[in-house]
Amino acid sequence: MTEVQTLVKDLANKHGRKRESLIPILQGIIQKDRFISEHAMIEIARELDISSAEVFGTATFYSFLDTDTRGKYVIRVCKTITCSMKGKNQILLSLEDGLKVKVGDTTPDKKFTLLETNCLGWCHKAPAMLINDDVYTELTPESVRQIIEEYKKRDIRVE
Amino acid sequence: MGKKQLRRMDLIFANEHDYKEILSKTLKTPNQYIVEEMINSGLKGRGGAGFPTGLKWKLTAEAKGKTKYVICNADEGEPGTFKDREILTQVSYKVLTGMAVCSKITGAKKGYIYLRSEYKFLVPVLEKELSQFHLLCKENNLDFDVEIFLGSGAYICGEESALMESMEGKRGEPRNKPPFPTKSGYMGKPTVVNNVETLAHTFTIFKYGAKKFRDLGVQDSRGSKLFSISGDTPTPGIYELELGMTVQDFVDDFGDSDCKAVQVGGASGFLVPRKRFKETAIGYQGKLTGISLPTGGSMMLYNSSRSMYNVLDNYLDFFQEESCGQCTPCRVGCQQLVKGIEAVKRGEKKASYLDVLLKLTETMKVTAKCGLGQSVANSFQSIVANFREEMIY
Ligand SMILES: Cc1cc2nc3c(=O)[nH]c(=O)nc-3n(C[C@H](O)[C@H](O)[C@H](O)COP(=O)(O)O)c2cc1C
Ligand code: SF4
């Protein structure tokens, strides 16, 4: 069995093989791999005995179920009105500069993906962003640079 | 002269140490009495349409079928809303008490909290709270189990029927209504869907009675409400205020003395310009004049340094991305609105094109399938009508 096949089987054992199990399974793939590959979608379809078009249709509907290649750390910067008013653009510039990528792209070493997202619900502490599931608020270009440096180091320790 | 302050309420976040007793007591109270109290309290849904909560529970209780569900809507995606997260962080036991009593009344044995993925960090906190809660249910001989269902980043899944589609493992596309969830909801079974704040308010009613709640607010808008306040204000945050205040009173308290407009109810709500501050009251649609729906209680303040064109463009971009794409008026309409105002701004279209766009929003209001497409007209019309100059130059 490939790694993906094992993962899909484990997730199906945990969440069940019913249609209602689909989203928790897709979320499980994201949790581990940060994006859902075509291969994974086909495996899920086989495991749940539904058409792979259904899996694809469902996954692509949700903005947090990424189907494009993503880095280990997915950064989502809030672009909704209050964050925009409170300096979102400077935050993005700082991130683009620190990571050397543009919004929508992944660093060549597949560590970081930089995205924008809609209202994160931290308007009173704008600007805000998510890195995977962790929230960062009241950002400044400097604090963002520090956070990124911290993540870069964190990674070296892991490997 | 000191700044005039609106009265701050503290019903929702007040810690109630006797909540276990309140739950036991309420679970022993006859259903009919609880439902009557809830209806008398005047509590209406805090998540969107403002449906009377007591009536919703009653309809679901009366619906045919053995299997029923209770769902707590914690999808909180409306721009400028962030109070549900705080309720779940601080007083989730009130929400769970509401769900337990709803379970007793309707006969639902299974409950879900639909939590937006942006709040995933809350899962461990809630899981801990849930394991205690389940013990409490057992002690009270209530056969009820609550599970967290995590969303995946789609604003439309806050709409109750899209939410249930999503829980069923499908694309979050709203269903036709009727049938309403009270009759045919999750898995086609009768289902109560309530907002987090609505459920938290039920606790106040169980503990203090309908009167305490009803005495707050005005006319059709009873009780207090959490407001999420952001934008150009020196004091952003979450505040519990009485319904019925005017926007003027609100701005006097929270504005930065240069406030030119307030967006009430998030991107799908209305923009109230300075000249309307005095005549606009905040509450549910009803007898009040020039009313604005509070929806999730989002209040975004804009001062004179802000371009209302940028504000509208930002909202429309939001709707364009979050439209589920299922029906044409909304899918194509949102795209055309974005393109349209940008073309007018660049001078590629005449100013009169704004009137064509206004008509388009009117069409969307009557032909779109769900609240998302229908309410784009709210902000579009109120911004264009009051700040037309800024749209053009
Ligand atoms: C586009 C759209 C988004 C919505 N988002 C939410 C939401 O995030 N949270 C919520 O409680 N209700 C939301 N609603 C309202 C729900 O459909 C539903 O009316 C509400 O959860 C019922 O609970 P209540 O009666 O306690 O307000 C939304 C409605 C629409 C049309
Ligand atoms: S109005 Fe928009 S969001 Fe609602 S069903 Fe139609 S396309 Fe989907």
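So that the names make sense, note that chain A is the first sequence line, chain B the second, and so on, each numbered from 1.
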Subject >> Any side-chain donor near an acceptor of the partner, A:Q27 and B:K120, under 3.5 Å >> reply: no
Please check if the number of heavy atoms outside [X] that lie under 6.0 Å from its [atom1] is greater than 12.
X      : atom1 : value
A:D49  : CG    : no
A:Q5   : CD    : yes
A:K102 : NZ    : no
A:F56  : CZ    : no
B:E127 : CD    : yes
B:K189 : NZ    : no

Which heavy atom in [X] sits nearest to a heavy atom in [Y], and how many Å separate them?
X      : Y      : answer
B:N314 : A:S84  : ND2-OG, 3.4 Å
B:E168 : A:R19  : O-CG, 3.2 Å
A:I23  : B:L150 : CG2-O, 4.4 Å
A:F64  : B:S117 : CD2-OG, 3.4 Å
B:V311 : A:I81  : CA-CD1, 3.6 Å

With only heavy atoms counted, which part of [X] is less than 4.5 Å from chain A, the side chain, the backbone, both or neither?
X      : result
B:M300 : side chain
B:I156 : side chain
B:L301 : backbone
B:C324 : both
B:D84  : neither
B:S228 : neither

Original post:
Can you list the residues that meet the ring pair (Phe, Tyr, Trp, His ring centres under 6.0 Å) rule with B:Y114, with sequence neighbours excluded?
Top reply: B:F149
Original post:
What orientation do B:F121 and A:W122 show, parallel under 30°, tilted 30 to 60°, or perpendicular over 60°?
Top reply: tilted
Engaged part of [X] at the chain B interface, taking heavy atoms whose separation is under 4.5 Å:
X      : result
A:E116 : neither
A:T82  : side chain
A:L130 : side chain

Original post:
Looking at B:E322, B:R116, B:Q263, which makes the most heavy-atom pairs under 4.5 Å with chain A?
Top reply: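 The candidate making the most pairs under 4.5 Å is B:R116.
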**OP:** Return the option, out of B:A154, B:S152, B:P236, B:G80, with the maximum number of heavy-atom pairs under 4.5 Å with chain A.
**Re:** B:S152
Is there a side-chain contact between [X] and [Y] (heavy atoms, below 4.5 Å)?
X      : Y      : result
B:Y155 : A:N118 : no
B:E173 : A:F61  : yes
A:L22  : B:K170 : no
B:Y186 : A:E20  : yes

Original post:
Can you check side chain to side chain contact (heavy atoms under 4.5 Å, CB included) on B:D232 and A:M85, steps first, answer last?
Top reply: CA-CA 9 Å; B:D232 294 314; A:M85 289 181 357; 4.0 Å; yes
Subject >> Residue-level contacts of residues 134-149 of chain A with chain B, using a heavy-atom cutoff under 4.5 Å >> reply: A:V135
Subject >> Full working for salt bridge (Lys or Arg N to Asp or Glu O under 4.0 Å) between B:E321 and A:K79 >> reply: CA-CA 12 Å; B:E321 282 187 10; A:K79 64 167 174 171; 2.5 Å; yes
Original post:
So, A:Y62 side chain and B:G172 main chain: donor-acceptor pair closer than 3.5 Å or not?
Top reply: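 Yes; at least one donor-acceptor contact below 3.5 Å.
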Original post:
Do side-chain atoms of A:K86 reach the backbone of B:G231 as a donor and acceptor pair under 3.5 angstrom?
Top reply: yes
Subject >> Straight-line distance of A:H124 NE2 to B:I238 CD1, nearest 0.5 Å >> reply: 5.0 Å
